[in-house]
Engineer: 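Here's a structure for you.
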Amino acid sequence: NGTGDEEVFDISDLPFLPFPRSNMLMVIPLTSECRVIYNMENMIGRGHYGTVYKGHLEFNDKDQPREQVAIKMLNTMQVSTDFHREIGIMRTLSHPNIVKFKYWAEKSHCIIMEYLQSGSFDIYLRFTAPNLNNPRLVGFALDIANGMKYLSDMGLIHRDLAARNILVDHNGDGDCVKISDFGLAQFANSDGYYFAKSKRDIPIKWYSPEAISTCRFSSYSDVWSYGVTLFEMFSRGEEPNLVPIQTSQEDFLNRLQSGERLNRPANCPDFIYDLMQLCWHATPRSRPNFATIVDIITKEIA
Ligand code: ADP
Ligand code: MG
């Protein structure tokens with residue numbers, strides 16, 4: 001950072017990403033006014049579709065302070081329609097419980113968003129703050145429900161709601177959580193559905209029976225995933241396993257269809273486990289929608 005001995009790469013000129021070495025600063029031009037700069041060693045996360053680095057925005061105007069950002073580089077295998085869809089969705093969103101989009105860089109296939117220093121919620125639950133008390137978890141459950149209500153009001157189906165895709169915002173006046181990772185998100189058709197074409201790499205443990213069996217997604221399948229996310233939260237980051245040993249997709253679906261559900265986490269408040277059960281109703285339209293979930297939680301904490 002300004003020591004003068006870094007190698008600087010303008011990544012829009014590179015045909016492929018080099019192997020990370022220290023002192024390698026990557027520069028991505030964004031506008032005529034600003035660029036994003038990051039060190040390849042500052043990787044903060046890796047998911048199925050992308051690798052995320054911590055970096056900062058630098059402005060021509062030297063009076064404008066540096067701003068920390070997260071840079072999501074989509075894996076090169078990813079087709080560019082997916083990249084454009086993710087950008088197209090993220091840039092239309094504006095809500096306190098949705099991660100803020102800032103810029104994108106076409107050629108380098110990356111998305112620049114606000115950096116949330118407390119990282120992803122799954123790690124936070126397991127390692128950073130496993131002793132979170134129930135009232136704080138209930139507050140986070142309300143944050144997620146509010147963010148999801150906003151998405152469903154926009155006609156958007158997230159399709160990958162899980163603690164790993166929630167980010168924790170640690171700021172002066174208390175923490176809150178934000179929904180991120182719109183890599184699988186899709187707009188619903190006029191009937192409220194999205195029918196997926198491929199079954200590759202699906203997060204099956206978070207998926208509703210109708211999503212697994214017929215690839216049919218709706219806000220109600222997001223509600224199912226919300227219930228699984230509640231399970232992750234109140235078990236302080238436990239894997240949502242129906243059975244101790246991983247079984248086949250077919251066996252998993254059979255178990256769900258015969259009514260098997262995740263167990264109640266120890267010390268989980270009654271109303272939260274009741275809410276999980278409602279989210280896991282076999283009939284999608286019998287599950288509460290996110291507006292109802294917001295009401296249920298709000299009434300409980302009033
Ligand atoms: P993928 O689509 O590959 O799953 P994600 O968008 O979920 O990618 O990002 C992968 C991981 O990177 C997250 O689980 C989280 O740990 C980290 N991450 C993503 N965005 C941010 C951010 N804005 N601030 C901090 N960490 C982030
Ligand atoms: Mg992810």
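The basis for the numbers below is simple: all heavy atoms, side chains too, and nothing from hydrogens, waters or symmetry mates. Counting starts at 1 for both ligands and their atoms, following the listed order.
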Engineer: To check your reading of the model: name the closest protein heavy atom to atom 9 (O) of ligand 1, its residue, and the distance in Å.
Structural biologist: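 Protein heavy atom with the smallest distance to atom 9 (O) of ligand 1: Val52 CG2, 3.5 Å.
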Engineer: As a test of understanding, state which of Asp222, Leu278, Val223 forms a side chain to side chain contact (heavy atoms under 4.5 Å, CB included) with Arg287.
Structural biologist: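 Among Asp222, Leu278, Val223, the one meeting side chain to side chain contact (heavy atoms under 4.5 Å, CB included) with Arg287 is Val223.
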Engineer: Considering distance alone, does some N or O of Arg46 sit under 3.5 Å from an N or O of ligand 1?
Structural biologist: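 N/O-N/O distance under 3.5 Å: no.
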Engineer: Should you measure from each heavy atom of Lys72, which atoms of ligand 1 turn up under 4.0 Å away?
Structural biologist: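 Once the distances to Lys72 are compared, the set is 1 (P), 2 (O), 5 (P), 6 (O), 8 (O).
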Engineer: Are side-chain N/O atoms of Glu106 and His84 paired as donor and acceptor at under 3.5 Å?
Structural biologist: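 Indeed, the side chains of Glu106 and His84 share at least one donor-acceptor pair under 3.5 Å.
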Engineer: Gly47 heavy atoms, cut-off 4.0 Å: which ligand 1 atoms fall inside?
Structural biologist: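 The atoms of ligand 1 under 4.0 Å from a heavy atom of Gly47 are 1 (P), 3 (O), 4 (O), 10 (C).
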Engineer: Is there at least one pair of N or O atoms, one from Gly50 and one from ligand 1, spaced under 3.5 Å apart?
Structural biologist: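 Between Gly50 and ligand 1, an N or O pair is found under 3.5 Å apart.
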Engineer: I'd like the atom name of the N/O/S atom in Asp181 lying closest to the Mg ion (ligand 2).
Structural biologist: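 Minimum-distance N/O/S atom of Asp181 relative to the Mg ion (ligand 2) is OD2.
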Engineer: Test of understanding: given a 4.0 Å heavy-atom threshold, classify the contact between Leu167 and ligand 1 as side chain, backbone, both, or neither.
Structural biologist: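 Near ligand 1, Leu167 shows its side chain, while the N, CA, C and O stay back.
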Engineer: When the aromatic ring centroids of His56 and Tyr38 are compared, is their separation below 6.0 Å?
Structural biologist: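 Between His56 and Tyr38, the centre distance exceeds or equals 6.0 Å.
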Engineer: Using heavy atoms and a threshold below 4.0 Å, how should the contact between Glu114 and ligand 1 be classified: side chain, backbone, both, or neither?
Structural biologist: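 Answer for Glu114: backbone.
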Engineer: List the closest protein heavy-atom neighbour of atom 15 (C) of ligand 1: residue, atom name, distance to the nearest 0.1 Å.
Structural biologist: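 Protein heavy atom with the smallest distance to atom 15 (C) of ligand 1: Ser120 CB, 3.7 Å.
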Engineer: At under 4.0 Å between heavy atoms, which part of Met113 makes contact with ligand 1: side chain, backbone, both or neither?
Structural biologist: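 Side chain only.
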Engineer: Hey, are Asn60 and Arg35 close enough side-chain-wise for a donor-acceptor pair under 3.5 Å?
Structural biologist: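 Indeed, the side chains of Arg35 and Asn60 share at least one donor-acceptor pair under 3.5 Å.
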Engineer: Considering both backbone and side-chain atoms of Leu116, is one of its nitrogen or oxygen atoms within less than 3.5 Å of a nitrogen or oxygen in ligand 1?
Structural biologist: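 So ligand 1 has an N or O lying under 3.5 Å from an N or O of Leu116.
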Engineer: Taking both backbone and side-chain atoms into account, decide whether Asn165 has an N/O/S atom under 2.8 Å from the Mg ion (ligand 2).
Structural biologist: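 Given the 2.8 Å cut-off, Asn165 counts as a ligand of the Mg ion (ligand 2).
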Engineer: Please name the residue in the list Val99, Ile179, Ile98 that meets the side chain to side chain contact (heavy atoms under 4.5 Å, CB included) test with Leu93.
Structural biologist: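 One option only clears the test, and that one is Ile98.
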Engineer: Between Arg264 and Phe231 (side chain of the first, backbone of the second, donor and acceptor by atom type, cut-off under 3.5 Å), is there such a pair?
Structural biologist: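 Absent.
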Engineer: Quick check on contacts: which atoms of ligand 1 are under 4.0 angstrom from a heavy atom of Ile44?
Structural biologist: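 The atoms of ligand 1 under 4.0 Å from a heavy atom of Ile44 are 25 (C), 26 (N).
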Engineer: Show me which atoms of ligand 1 lie under 4.0 Å from any heavy atom of Arg164.
Structural biologist: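 Those qualifying, in numeric order: 13 (C), 14 (O).
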Engineer: Identify the closest protein heavy atom to atom 11 (C) of ligand 1: which residue and atom is it, and at what distance?
Structural biologist: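 Answer, as residue, atom name and distance: Gly45 CA, 3.8 Å.
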Engineer: Tyr207 and ring-ring contact (aromatic ring centres under 6.0 Å, His included): which single residue from Tyr220, Phe252, Phe217 fits?
Structural biologist: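 When ring-ring contact (aromatic ring centres under 6.0 Å, His included) is applied between Tyr207 and each of Tyr220, Phe252, Phe217, only Phe217 qualifies.
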Engineer: Give the cluster check for Met40 versus Ile44: same hydrophobic cluster or not, with ILVMFWY residues linked at side-chain heavy-atom distances below 4.5 Å.
Structural biologist: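 As far as the 4.5 Å side-chain criterion goes, Ile44 and Met40 are not connected within one cluster.
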Engineer: Distance under 4.0 Å to a non-hydrogen atom of Asn165: what atoms of ligand 1 satisfy this?
Structural biologist: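 Matching atoms, with element in brackets: 7 (O).
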Engineer: Nearest protein heavy atom to atom 4 (O) of ligand 1, by residue and atom, and its distance?
Structural biologist: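 Ranking protein heavy atoms by distance from atom 4 (O) of ligand 1, first comes Asp181 OD2, 2.8 Å.
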Engineer: With atoms numbered from 1 as shown, which atoms in ligand 1 lie under 4.0 angstrom from a non-hydrogen atom of His48?
Structural biologist: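 So the atoms of ligand 1 that pass are 1 (P), 3 (O), 4 (O).
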Engineer: Measure the spacing between CG of Leu242 and CD of Glu260 and express it to the nearest 0.5 Å.
Structural biologist: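 Rounded to the nearest 0.5 Å, the CG-CD separation comes out at 5.5 Å.
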Engineer: Taking the inter-plane angle between the rings of Trp280 and Tyr273 on a 0 to 90° scale, is it parallel (under 30°), tilted (30 to 60°) or perpendicular (over 60°)?
Structural biologist: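 Answer is perpendicular, since the angle exceeds 60°.
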Engineer: Check whether any side-chain N or O of Asn97 sits under 3.5 Å from a backbone N or O of Asn146 as a donor-acceptor pair, and report yes or no.
Structural biologist: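 Side chain of Asn97 to backbone of Asn146, a donor-acceptor pair under 3.5 Å: no, none is there.
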Engineer: Report yes if Tyr115 has an N/O atom closer than 3.5 Å to an N/O atom of ligand 1; otherwise report no.
Structural biologist: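 No, there is no polar N/O contact under 3.5 Å.
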Engineer: What's the separation between atom OG1 in Thr229 and atom CE in Met276, rounded to the nearest 0.5 Å?
Structural biologist: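 It comes to 10.0 Å.
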